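In what follows, every chain begins at residue 1, and chains take the letters A, B, ... in the order their sequences are listed. Remember, predicted model here, so these are calculated numbers, not experimental data.
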Amino acid sequence: MAHINITFPDGTVKEFGHGSTGKQIAEHVSKGLAREALAVEVNGEVWDLGRPITADSSLRILKWGDDGGKYAFWHSSAHLMAEAIEAHYPGTKFGIGPPIENGFYYDIDMGDHTLTGEDLVRIEKTMYELCGRDVPYVREEKSWDEAVAYFKKKGDPYKLELLEDLKGETITFYHQGDFTDLCYGPHIPSTGRIKAIKLLSVAGAYWRGSEKNKMLQRIYGVTFPTAKELEEHLFRLEEAKRRDHRKIGQELELFHLSPAVGSGLPLWLPKGTVIRESLIEFLRDEQRKRGYVSVVTPHIGNLELYKTSGHYPYYKDSQFPPIVLENGEAFLLKPMNCPHHHQIYAAKPRSYRDLPIRLAEFGTVYRYEQSGEMNGLTRVRGFTQDDAHIYCRHDQVKQEIRTTVELTQLVFETFGMEVRTRLSYRDDKNVEKYGGDAAFWDRAQREIKEVADEMKLNYFVGVGEASFYGPKIDFMVKDALGRTWQLGTVQVDYVMPERFQLEYTGSDGQKHRPVIIHRAPFGSMERFVGILIEHFAGEFPLWLAPVQAVVLPITDAYLEYAKQVCGQLTEAGVRCELDERNEKIGYKIRDSETKKVPFMLVVGEKEMQGNTVAVRQHTKGDLGAMTREAFLAKTLSAIQQKSLTV
RNA sequence: GCUGGCGUAGCUCAGCGGUAGAGCAGCGGUUUCGUAAACCGCAGGUCAUCGGUUCAAAUCCGAUCGCCAGCUCCA
């Protein structure tokens, strides 16, 4: 009998019988491993445990802790859900049912029936019954014709459409119990492995992600090998909801969204404005050190300006309609600041000695987002970019990219935020979406990649994510609900200098085109603060806290002393408030804790006598008494250092 | 924009055909208190808006606006 050599992850090689399965090999290693095994990775490809291995291979047994194992587990769970749906609603047509980052979904077409919460409960219950039967997932290879015949008979147009793209290939089916699905796999050995199930939500989703297609119903769910893990997962979801910036923003009175003003037009309340302005001050300072100069431009601009830039009419759908005067002159609420800045550059002749010129503005822009797109502060129709445009020579481009990336990194480090970096390239298959010559694009993309490599950035590439005038380095973060948002961005632009005929005189006396770098480390103040609220769960570091300290007199006998303390701190630049309400100290403390005020200064007889304050730190509790001077010094130092721990 | 869900006092929510309720917050008193909620009282709502059904609508139906989840989009 023939043998095959199996190489394990630790490098050891063992001989097994030809056609051995992952399951058999796992059992050979240990009973425990076999019990936990969900799938097997064979030469980098994830397979079912039951699939015979017929050649020398490197092999890794996948468990719940491995992405591939989870993937198979949730993929199998989607099939289990489909089986339960079919049991309740025969004739349901199935789209796709893949595993995702935190669970799985299945897109289904139920005709006139709209799923309700009760339906989900019923389906979930049936899933528990089905996994209780512990039936195996069985792989079966079919010819394309057999597969088509099956789904024609079943009457499932979506599966037939999927098969159209698989012509000529070997098709695989998976069965479990009474359910059969077209599926590339892999799957876990049997339904019994699924012990805990939660169907989370149902929402609409276009078939194949195109709004031209029919909208199907998508059920999201998550499953686990143990009930405990499900409980933990649901607890984490609840925790994440508590961080939601929309909730905290309301509780802490940071911003307000009034329908009377308009959807997606946030109002910054006094406490939120403190945060916003602290951030602006921080960045202005850093930019000043780096040779930026500030400019200010109006909120509207002549429509012709945007025709020159190319923003209009190509992006008409995402702009508010023009404001047209009686004489026919038309203005647009500015959707970006660049054209205005370009006019500042063009306002006088520029020499190569002047470059780079770095024009910075916290510029407010307006974009007509689709009605279903607005989201708290993270997606709005009016927002302020921490914008700047750097006009430089070709030989300065890489250096300028590098320093702007470094500035962006400094920003995220200051807040201890984790970001993912994306190189956003154009999509070569869709070139009409982009302006400028291919040669410019190649050059710009090469330049950002070179800088990214030289800086050893840990990036991924996003094809088709470029802006229409150039490629970008984008900095992405996730919100409390796991949604990804773009914050900082650095963009290289060879297109706008052409469109606006921007020039400088070189050392050779000839006219040359500058290159523009667009950059915004925060991205927008709104989105950044939204994410920041969630990052800190409303517990801002001292330098950002809207109220840094609150003085709490024990009784009104100490009100006068409390006023002195608060006055001294305010005088020194600390944002301090006095709680002079006629309430017990416990009540005042509770109130300030709820408002997440970093320092509570309790003052009574002892403090007044000793000229001290009893310091209580938010979430940390009583720190004991401190002289007023010591507290002030400690506070000022933490503010100055932008410390994350106080 | 699309699919579904939801709009009741500043906030969190109950009421779901017979004309509006609680807790917290607010205000007025009493209390003068040492590290997460003192006590008593008062006030507060054209039940998102507009239209319809009905003897009667917060409650049923429709439209509009807004919010939420997802999809699509995102210069």
Side-chain angles (χ1 to χ4, degrees), chain A residues 105 107 114-117 200-220 241 244 246-247 250-251 253 256-264 306 309-312 314-319 334-339 365 367-376 378-379 381 385 424 433-435 465-470 472 481 483 485-486 489 491 493 495-496 518 527 552-559 581-595 600-607 614-625:
Chain A
Y105 67 79
D107 285 345
T114 301
L115 285 165
T116 63
L200 297 164
S201 63
V202 55
Y206 297 108
W207 167 238
R208 303 195 120 184
S210 168
E211 58 184 327
K212 292 183 189 77
N213 290 338
K214 183 170 179 179
M215 185 163 273
L216 308 180
Q217 298 189 76
R218 174 175 296 180
I219 307 179
Y220 284 92
K241 271 192 202 155
D244 192 316
R246 293 165 298 192
K247 187 172 155 64
Q250 179 183 272
E251 285 165 359
E253 299 182 359
H256 180 61
L257 291 160
S258 163
V261 173
S263 182
Y306 301 100
S309 71
H311 290 108
Y312 194 90
Y314 304 108
Y315 294 95
K316 208 175 163 191
D317 290 346
S318 47
Q319 289 162 185
K334 67 176 173 186
M336 70 287 307
N337 304 299
C338 348
V365 298
R367 299 180 187 180
Y368 186 78
E369 301 291 350
Q370 297 187 92
S371 62
E373 292 308 333
M374 261 76 76
N375 184 275
T378 46
R379 190 82 182 264
R381 283 179 172 164
Q385 294 177 314
S424 300
K433 257 180 78 180
Y434 309 94
E465 300 289 349
S467 84
F468 82 98
Y469 51 75
K472 314 184 283 177
L481 275 71
R483 296 178 289 208
W485 300 95
Q486 181 197 308
T489 183
Q491 314 175 353
D493 175 8
V495 174
M496 291 300 151
H518 307 239
R527 184 174 287 179
L552 312 175
I554 300 274
T555 74
D556 51 19
Y558 313 105
L559 200 53
R581 291 176 300 179
N582 176 12
E583 292 289 352
K584 290 170 75 169
I585 196 65
Y587 179 90
K588 294 184 187 181
I589 284 170
R590 182 188 151 78
D591 196 46
S592 292
E593 288 282 2
T594 322
K595 290 177 180 157
M600 285 148 275
L601 307 177
V602 178
V603 296
E605 186 63 27
K606 282 178 287 184
E607 289 73 24
V615 181
R616 181 189 167 102
Q617 191 175 351
H618 174 59
T619 70
K620 294 210 172 71
D622 195 352
L623 303 185

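Ring geometry for A:Phe468 against A:His311 counts as perpendicular: the plane angle is over 60°, on a 0 to 90° scale with 30° as the lower cut.
The nucleotide whose nearest atom lies closest to any side-chain atom of A:Ala614 is, among B:C2, B:A37, B:G34, B:G34. Listed candidates were B:G34, B:A69, B:G1. Nearest to the side chain of A:Glu373 is B:G1. Taking every side-chain heavy atom of A:Tyr206 into account, B:G1 is the closest of B:G1, B:A25, B:C33. Considering only the side chain of A:Glu211, B:U72 comes nearest among B:G70, B:A36, B:U72. Side-chain proximity of A:Gln370 to B:C33, B:G70, B:U72: nearest is B:U72. When distances run from any side-chain atom of A:Met215 to the nucleotides B:U32, B:A36, B:G70, the shortest one goes to B:G70.
Counting non-hydrogen atoms under 4.0 angstrom, A:Arg379 reaches a base of the nucleic acid. Among the atoms of the strands shown, only primed sugar atoms or phosphate atoms (P, OP1, OP2) are found under 4.0 Å from some heavy atom of A:Gly586. Using a 4.0 Å heavy-atom criterion, one finds that A:Lys588 contacts no nucleic acid atom at all. In this structure, A:Gln217 reaches neither bases nor backbone, as no heavy-atom distance under 4.0 Å exists between it and the strands shown.
In summary, A:Glu593 and A:Arg616 engage in a salt bridge, as defined by a charged side-chain N under 4.0 Å from a carboxylate O.
For A:Glu607 against B:G34, a side-chain-to-base donor-acceptor contact under 3.5 Å is present. In the interface, the side chain of A:Tyr558 is not paired with the base of B:G34 through any donor and acceptor atom under 3.5 Å apart.
For B:C33, there is no paired nucleotide, since no Watson-Crick or G-U wobble pair has both relevant distances below 3.5 Å. Nucleotide B:G66 forms a Watson-Crick or G-U wobble pair with B:C6, both donor-acceptor distances falling under 3.5 Å. Pair assignment for B:G45: none, as no Watson-Crick or G-U wobble contacts are both less than 3.5 Å. Across all strands shown, nothing is found opposite B:C73 as a Watson-Crick or G-U wobble partner with both distances under 3.5 Å. Figure legend. B:G28 is base-paired to B:C40; pairs are counted as Watson-Crick or G-U wobble with both atom distances under 3.5 Å. The nucleotide B:C60 finds its pairing partner in B:G52, both defining distances of the Watson-Crick or G-U wobble pair being shorter than 3.5 Å.
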Polar atom pairs (N or O), protein with nucleotides 59-66 of chain B, under 3.5 Å:
none

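Between A:Asn375 and B:A69, a side-chain N or O to OP1/OP2 separation shorter than 4.0 Å is present. Between A:Arg581 and the phosphate of B:G26, there is a side-chain N or O to OP1/OP2 separation shorter than 4.0 Å. Checking the phosphate oxygens (OP1, OP2) of B:A69, a side-chain nitrogen or oxygen of A:Arg483 falls inside 4.0 Å. Contact annotation: A:Arg218 side-chain N/O to B:U3 OP1/OP2 distance is not under 4.0 Å.
Rounded to whole Å, the P atom of B:C74 lies 46 Å from the corresponding atom of B:C16.
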